[in-house]
Number of protein chains: 2
Amino acid sequence: MNKTISDIAQLAGVAKSTVSRFLNGGSVSEDTRQKIERIIKQYNYVPNTFAQSLKAKKTSIIGTVVPRLDSFATSQTLIGIDEELRTNQYQMLIANTSQDMHREIDAIYDFARQKVSGIILLAAEVTEAHLKAVEEIGIPVLLVGQQHERLHSLVHNDDQAGYDMGKYVVEKGHRQIVYIGVTERDQAVGIHRRQGFQRAIAEYGGSGCDVTYYETSFKMSEAIVTAEAILRDNKPSIIVGATDNIALGVMKTAFSNKIRIPHELSVAGFGGYDITEMIHPALTTVKFHYLQAGKLAASHMIRQVTGEPVEKQTILDVELIPRESVDNV
Amino acid sequence: MNKTISDIAQLAGVAKSTVSRFLNGGSVSEDTRQKIERIIKQYNYVPNTFAQSLKAKKTSIIGTVVPRLDSFATSQTLIGIDEELRTNQYQMLIANTSQDMHREIDAIYDFARQKVSGIILLAAEVTEAHLKAVEEIGIPVLLVGQQHERLHSLVHNDDQAGYDMGKYVVEKGHRQIVYIGVTERDQAVGIHRRQGFQRAIAEYGGSGCDVTYYETSFKMSEAIVTAEAILRDNKPSIIVGATDNIALGVMKTAFSNKIRIPHELSVAGFGGYDITEMIHPALTTVKFHYLQAGKLAASHMIRQVTGEPVEKQTILDVELIPRESVDNV
DNA sequence: CTGAAAGCGCTTACAG
DNA sequence: CTGAAAGCGCTTACAG
């Protein structure tokens, strides 16, 4: 059945160390090169990965830890990572943690056991346990979506995103504003995004601007509950959700309560999910470049793995997309 | 740094074959069991996967081939597979082919090289090349979402889905019907789903029922183009899309053309994507149980791998969900 | 129940 | 440039 390096060596009339050298780009004479190449083609030989890894003690696998599989952001980022790794002969291994932090830590150690060459971490939150794990395993790690001074990271410009949105909202004439955020444990979304928003409001809003902040989870269902409560005791002209999902939850709530968007209530979000331009009214949002983030993450990871210099932190641009869900007041 | 089985053996004062036997559930005396266990705990020993696989020539990895990562159906199915595999100490490896059939075939061979124990194939289309690959690798394969007499498979009841929808549409009084399908190369969606629909129309529709069939791709953007064309030269009371994405494209087109849903045009789809109940009007659809399909696929796969008997074909129930997008006429 | 030995398919110094 | 040999960390008959 499957040929081994010994078979190939024998068939080509050389030693297996020579075949191995050929395989790994070492120098061999033109003559032997041809012999070996021919046999390899002929028998369609491919080296056994396990044997390689056992000796080399490393692999060309990059592990990616994701908090969930069913989100636009995750899918797009993964696709980007996968494409870039593939073109560089690396393989992607995915560990889905279903938002369970213990599994996140476990996944890091598991990847280390499997001798992945590097780990890309899409975490919502970076705890001491994360840092400890990263330190212990001694494998390059790249954080995506969050930043931390002790780790390499690649982030979307959340502060800018919040700022652009805040500025836009004020310029559209909104003064009764509700911002639904998320937990501060998620620094990128919970803190930076909101702070950028606040900063813009402070700069452009003037004194008559009234902003109320609420907190909800990343789930649409909870966003609906939160939105229900808000609309019961508040009369904002706009609700800004910290994610498109939250904004979608707000829209759903408005529909249920026969509140017309954007005439009676404007809504905006963050993310730039595909679906946001399919719905009616189309959602105003700040688009993050997830696909590009994934590709960049992969190429940075490869540089880390191969020991090339690589920037400690990369910040990706964002883009405000005005659509129908925000009205002029 | 990392201990090997020899270290453990030495530390415990036994031979490494004994440790190995202990690890693999062979019989050891109570006494040695305790000694070994203690050392393993103490040093947090975990066997090297590569060495294991090199000898055993197989792994506890199940490869999953998916046509795309950014779809509700795929994500949900993957989550189901992953959860079930995890609880059974198997690992999931994902190969995303971005709808490129060559990569699909390559992925099968790649998985074989990596000695995965089984392959779960989420393919839209089964060609001779697929069958050849499956045969050549000699590894258990389970097809999900499509059926084929030569392969184990797990499918959603597409015929029933189409039938339920057809019946529902007729019962709601629709007689001017447009059905937007997809290529017949995708047998499940392109043929079975449509045929079920046709069958119901034939049974319940009577003579005055006019159904026109169109074909589009799985992309929303193309669905929009198709829908534009349809609405230009046709005046149906309802458009049924073969997938929720197509239905979403139809809705978008209706919105753009100021056609009110469902008063002027009803719309329905298939899939039961989460988003379909968040939008307004909420989309009438037939729900497939992707998560359950994933779990079942994983458990069937494990049975195939371990040589237990397993049904050649499994058909999963579907569920019609009437919502706001379909009007009574 | 236990251990010594061979071997899985590679790679890596080390000689020549 | 090339080859013989050792070794990566396991498992698996085979004796005892």
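Note on naming: letters A, B, ... go to the chains in the order of the sequence lines (proteins, then strands), and numbering restarts at 1 for each one.
- Screening residues 90-102 of chain A for salt bridge (Lys or Arg N to Asp or Glu O under 4.0 Å) gives no qualifying pairs among residues at least two apart or on separate chains.
- Residue pairs meeting the ring pair (Phe, Tyr, Trp, His ring centres under 6.0 Å) criterion with at least one partner in residues 60-99 of chain B, sequence neighbours excluded, are Phe72(B)-Tyr273(B).
- Comparing atom distances between the Thr32(B) side chain and each of dT2(C), dG9(C), dT11(D) picks out dT2(C) as nearest.
- Under 4.0 angstrom from either OP1 or OP2 of dT11(C) there lies at least one side-chain N or O belonging to Gln52(A).
- One interatomic measurement links the two molecules: CD of Gln10(B) to P of dC10(D), which rounds to 14 Å at whole-angstrom precision.
- Within a heavy-atom distance below 4.0 Å of DNA chain C, the residues of residues 12-21 of chain A found are Lys16(A), Ser17(A), Ser20(A).
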When the side chains of residues 118-131 of chain B are checked against the rest of the protein, which donor-acceptor pairs come out under 3.5 Å, sequence neighbours left out?
from      : atom 1 : to        : atom 2 : distance (Å)
Thr127(B) : OG1    : Ala129(B) : N      : 3.2
Thr127(B) : OG1    : His130(B) : N      : 3.3
Thr127(B) : OG1    : His130(B) : ND1    : 2.7
His130(B) : ND1    : Thr127(B) : N      : 3.0
His130(B) : NE2    : Glu104(B) : OE2    : 2.6

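- Take Glu135(A) and apply the side chain to side chain contact (heavy atoms under 4.5 Å, CB included) test, not counting sequence neighbours, and it matches Arg150(A).
- At a threshold of 4.0 angstrom between heavy atoms, the contacts of Ser53(A) with the nucleic acid are absent.
- With sequence neighbours excluded, the residues forming a side chain to side chain contact (heavy atoms under 4.5 Å, CB included) with Thr18(A) are Val14(A), Ala15(A), Arg21(A), Val28(A), Ile36(A), listed by chain and number.
- Applying the side chain to side chain donor-acceptor pair (under 3.5 Å) criterion to Glu308(A), with sequence neighbours excluded, gives Thr306(A).
- Atom CD1 of Ile40(A) and atom P of dC10(C) are 10 Å apart (whole Å).
- When heavy atoms are screened at a 4.0 angstrom cut-off, Tyr45(A) is found touching the sugar-phosphate backbone but no base atom.
- Proximity of Asn48(A) to the phosphate of dC8(C): no side-chain N or O atom is located under 4.0 Å from OP1 or OP2.
- In this structure, Leu23(A) and Ser29(B) both approach DNA chain C, and ranking their closest nucleotides by distance from the 5' end singles out Ser29(B).
- Side chains of Gln146(A) and Asp186(A): a donor-acceptor N/O pair is present below 3.5 angstrom, by distance only.
- Per the geometry, NZ belonging to Lys3(A) stands 17 Å off C1' belonging to dC8(C), to the nearest Å.
- DNA chain D forms stems at C:1-3 with D:14-16, C:5-12 with D:5-12, C:14-16 with D:1-3, each a run of 3 or more consecutive Watson-Crick or G-U wobble pairs whose two key distances fall under 3.5 Å.
- Listed by first and then second residue, the side chain to side chain donor-acceptor pair (under 3.5 Å) pairs involving residues 33-45 of chain B are Glu30(B)-Arg33(B), Glu30(B)-Gln34(B), Arg33(B)-Glu37(B) (not counting sequence neighbours).
- One can place CG of Leu54(B) at 13 Å from C1' of dT11(C), the figure rounded to the nearest angstrom.
- Within the 3.5 Å criterion, the main-chain N or O of Ser20(B) finds a donor-acceptor partner in the side chain of Asn24(B).
- Atom pair Ile5(B):CD1 and dC8(D):P shows a separation of 14 Å (rounding to whole Å applied).
- One can place CG of Asp7(A) at 13 Å from C1' of dC8(C), the figure rounded to the nearest angstrom.
- Rounded to whole angstrom, the span from the CD1 atom of Ile36(B) across to the P atom of dG3(C) amounts to 9 Å.
- The distance between atom CD of Gln34(A) and atom P of dT2(D), rounded to the nearest whole Å, is 12 Å.
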